[in-house]
4 protein chains.
Amino acid sequence: MTSESRQPPARRGAVRSEAARQAILQATAEQFATRGYEHMSIEGIASAAGVGKQTIYRWWPTKGALVTECLLEGRLLPDQLTLPDTGDVRADLRTWIDRILTLLDDPTGQGLWTSLIAAASDNVEIGRKLHDSLGVASSVTQRLAAGVEAGQLAAGTPLTETSEALIGAVIVRALGRIPARPGDADRLLAVVLGPEQSAG
Amino acid sequence: MTSESRQPPARRGAVRSEAARQAILQATAEQFATRGYEHMSIEGIASAAGVGKQTIYRWWPTKGALVTECLLEGRLLPDQLTLPDTGDVRADLRTWIDRILTLLDDPTGQGLWTSLIAAASDNVEIGRKLHDSLGVASSVTQRLAAGVEAGQLAAGTPLTETSEALIGAVIVRALGRIPARPGDADRLLAVVLGPEQSAG
Amino acid sequence: MTSESRQPPARRGAVRSEAARQAILQATAEQFATRGYEHMSIEGIASAAGVGKQTIYRWWPTKGALVTECLLEGRLLPDQLTLPDTGDVRADLRTWIDRILTLLDDPTGQGLWTSLIAAASDNVEIGRKLHDSLGVASSVTQRLAAGVEAGQLAAGTPLTETSEALIGAVIVRALGRIPARPGDADRLLAVVLGPEQSAG
Amino acid sequence: MTSESRQPPARRGAVRSEAARQAILQATAEQFATRGYEHMSIEGIASAAGVGKQTIYRWWPTKGALVTECLLEGRLLPDQLTLPDTGDVRADLRTWIDRILTLLDDPTGQGLWTSLIAAASDNVEIGRKLHDSLGVASSVTQRLAAGVEAGQLAAGTPLTETSEALIGAVIVRALGRIPARPGDADRLLAVVLGPEQSAG
DNA sequence: ATATAAGCGAGACGGTACGTCTTGTCTTGTC
DNA sequence: GACAAGACAAGACGTACCGTCTCGCTTATAT
């Protein structure tokens, strides 16, 4: 007996329109970047997407859910924000943090971050997502674990706390709209991972 | 002839009402705690303060400015959030972080933090204030400097980055609504200040 | 194939709510009578009608338009203000003018008239309507024409000017809040239609 | 003993500023002509007159009172609106009505009249003034009386009603924004004063 | 084939809040 | 004590969105 054999009565009626879904997510990402999480409107998204409001409300309960889905689909954050992997954990983290801090100097990038943070504070789901996936759980923590294993980082380093401190520092700077200065990434890594072991 | 002798034409008209100002800030702080930054309304504040809307708009251009002033007057954050000072920097920081993390377990405290973060992302001023005064510039950094001087912390510790990492970690946890677990503060301090020098 | 077969694209979306329209006109008429044209508020009407303000603004551009529609639907003026028709033009006009002048002694009736006049001076549409339909074009002028034809009035009487003089006299008295005295209607008719042809 | 000898307790303090009074009345007349009775604001008058609002409220209870005083001082109506006096009552009235009807073709003149009417319907005082002084009591009625005495008008003409009908007809046309046509004044006079006695 | 049902675009609805404007009163300091 | 300036509580203005609810159409099974 396969799992497909006992099917539900197979609902009638039109099926969800993928075109509408795409248009909505697209418009959401644009409004998010343009107006920011707080100041974007469902009505604006609907109209920009050429879609009835109800089509949004049918599938997403809140603005937060809409943004979450955009976030999960990678429509909100530029590709350059993924942690690179060259084998050298410390160098990769430095590159990554540098990119983020540089992004913060540009008003658009700044708006993106602050909007993301606003979304996270308004919406538990997004907050959780940010904590879990933007770095803490996945990429960053994994690379840290790999770094410990490879002997590049001190054994016994508390991974979660290290990730939190790194991401957190970046967020604090985003909120403060602090412009990047040379060496920022280095200093931050020195604080969080300990001073660099140079030559012996 | 003193510099006071040449006074400006001495403006006429009624002077700003301190009573109204107090009532407004009071009501703002309450609404901030109750409904959160995003969902509090100027109209609600005016009505709660027994004040005309115009009296608010006359003195504060935006909701953000209103909240900033509350923040500066210490109406938003409970007293227990000031960094204690027993002489032992590390112990003081542990106590302080513990208190914050504990506060985050309570929905009210959580709302307070997330609202503050939302305010900071919406409003440059608040963001800067948060970065400068909630800890980075003043109390935390000063204590860190004192700690370095007293030999309790490693010489050459980058103070700003250390503060940012500490506060940032807390903010990340606030956004993720992560419940506090025993030892959190210790682990965080181990990461940021380096492992504790026990016995010898 | 008739000309109706090629219809316009048949607009979609919910249709205008007749219930809301009725409630709004009803509330408007009440506020008009109670508070007068100048001192009635859209907000008050909306709230009395149990309707969102936008529903009013969606369909009527101004307070004046709202009142005009009430006027056209006969919601503003009591029924007794229609010109009676017994066959004797002069007697009918006397009855009619008497009724109006009497109405003006009562504060409510006075407010009704002055409000109507205020509305007419504020709003071209209403002014035109008042001139055309309250009497000049329709009932009064028609009865005058009939009177001329029946030989009850002098041939060559300028109908428009006669109507205007009659209505105008009433309006002037309304504006002056002049109390009615016996014989007023008679004297006015004597002036405008000429002295009554008694006996012969 | 002169009438000045028994003075009241002789109030102290500054005396009413005639300059302020003039500036206020001037500004009122301008706003009345420009924006109309309903849409002019005390605040606007105060600011245009370079005067504190309180100075207005100190001396006039309402907007209506302010306008009344302007009316009485002849600041609202142009000079050409005084009834001429050549000895021939009928000709004088024709000239006068012609002027008024012509004035109504110009938007400014129209606004003036409709504003005046609006003021009269809002404000009993103004209404009475309009009824009494714009024509009924003073100039028009007096000339009519003179005309009767001189045998130019039929004896027994009810003066008040005749005035009311004349002024009223003009007001009705103002409210209807009816453009003037040649012969209007003649026809109106024919209706109200009876047909012209030509050659007979 | 034909009912039946869901999705869709459009958009009206009852509301809440916005930020502005005006009202009439009160207060301050000058003349 | 009148005045210019201007703050104040109150509240209406007209606009923008909210989230819900009809409409009339277009798909898709299910009979």
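Below, read A as the first sequence line, B as the second, and so on, with proteins coming before strands; counting in each chain starts at 1. For clarity, every value in this text was computed on a predicted model and none was experimentally measured. Hydrogens, waters and symmetry mates play no part in the numbers below; they use all other heavy atoms, side chains included.
Side-chain atoms of C:Ser121 come within 3.5 Å of backbone N or O of C:Ala118 as a donor-acceptor pair. Judged by distance alone, the side chain of B:Thr114 and the main-chain N or O of B:Gly111 form a donor-acceptor pair under 3.5 Å.
Within the 4.0 Å cut-off from OP1 or OP2 of F:dA2, not a single side-chain nitrogen or oxygen of D:Thr55 is found. Contact check, B:Trp59 against F:dG6: no side-chain N or O comes under 4.0 Å of OP1 or OP2. For A:Arg16, no side-chain nitrogen or oxygen approaches OP1 or OP2 of E:dA6 to under 4.0 Å.
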Under 3.5 Å, which donor-acceptor pairs do the side chains of residues 29-37 of chain D form with other protein atoms, sequence neighbours left out?
from, atom 1, to, atom 2, distance (Å)
D:Glu30, OE2, D:Gln26, NE2, 2.9
D:Thr34, OG1, D:Glu30, O, 2.5
D:Arg35, NH2, D:His39, O, 3.4
D:Tyr37, OH, D:Asp122, OD2, 2.7

Stepwise side chain to side chain contact (heavy atoms under 4.5 Å, CB included) test for D:Ile45 and D:Lys63: CA-CA 10 Å; D:Ile45 293 170; D:Lys63 189 166 71 169; 5.7 Å; no

Step-by-step side chain to side chain contact (heavy atoms under 4.5 Å, CB included) determination, D:Val67 to D:Leu76: CA-CA 8 Å; D:Val67 170; D:Leu76 298 188; 3.8 Å; yes

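For D:Ala19, the side-chain contact (heavy atoms from CB on, under 4.5 Å) criterion is met by D:Ser17, not counting sequence neighbours. Judged as a side-chain contact (heavy atoms from CB on, under 4.5 Å), and not counting sequence neighbours, the contacts of A:Ala49 are A:Ala23, A:Ile24, A:Ala27, A:Val51. Residues forming a side-chain contact (heavy atoms from CB on, under 4.5 Å) with D:Thr108 (at least two apart in sequence, or on another chain): D:Asp106. In terms of the side-chain hydrogen bond (donor to acceptor under 3.5 Å, both in side chains) criterion, A:Arg177 has no residue partners (sequence neighbours excluded).
The distance between atom CZ of D:Arg58 and atom P of E:dC26, rounded to the nearest whole Å, is 13 Å. Per the geometry, CD1 belonging to D:Ile56 stands 14 Å off C1' belonging to F:dG6, to the nearest Å.
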Sub-3.5 Å pairs of nitrogen or oxygen atoms, protein against nucleotides 20-22 of chain E:
from, atom 1, to, atom 2, distance (Å)
E:dC21, N4, B:Gln54, OE1, 2.8

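Using a 4.0 Å heavy-atom distance criterion, A:Gly50 is classed as a sugar-phosphate-only contact.
Mapping D:Pro61 and B:Gly13 onto DNA chain E by nearest heavy atom places D:Pro61 at the nucleotide closer to the 5' end. Take the nearest nucleotide of DNA chain F for B:Ser17 and for C:Lys63: the residue whose nucleotide is more 5' is B:Ser17.
The side chain of A:Arg12 lies closest to E:dA5, out of E:dT28, F:dC3, E:dA5.
Residues in residues 44-54 of chain D take part in these side-chain hydrogen bond (donor to acceptor under 3.5 Å, both in side chains) pairs, two or more places apart or across chains: D:Glu43-D:Lys53. Residue pairs meeting the salt bridge (Lys or Arg N to Asp or Glu O under 4.0 Å) criterion with at least one partner in residues 20-29 of chain B, sequence neighbours excluded, are B:Glu18-B:Arg21, B:Arg21-B:Glu69, B:Arg21-B:Glu73.
Stems are defined here as 3 or more consecutive Watson-Crick or G-U wobble pairs with pairing distances under 3.5 Å; those involving DNA chain E are E:1-31 with F:1-31.
Of the residues in residues 18-26 of chain A, none lies under 4.0 Å from DNA chain E by heavy-atom distance.
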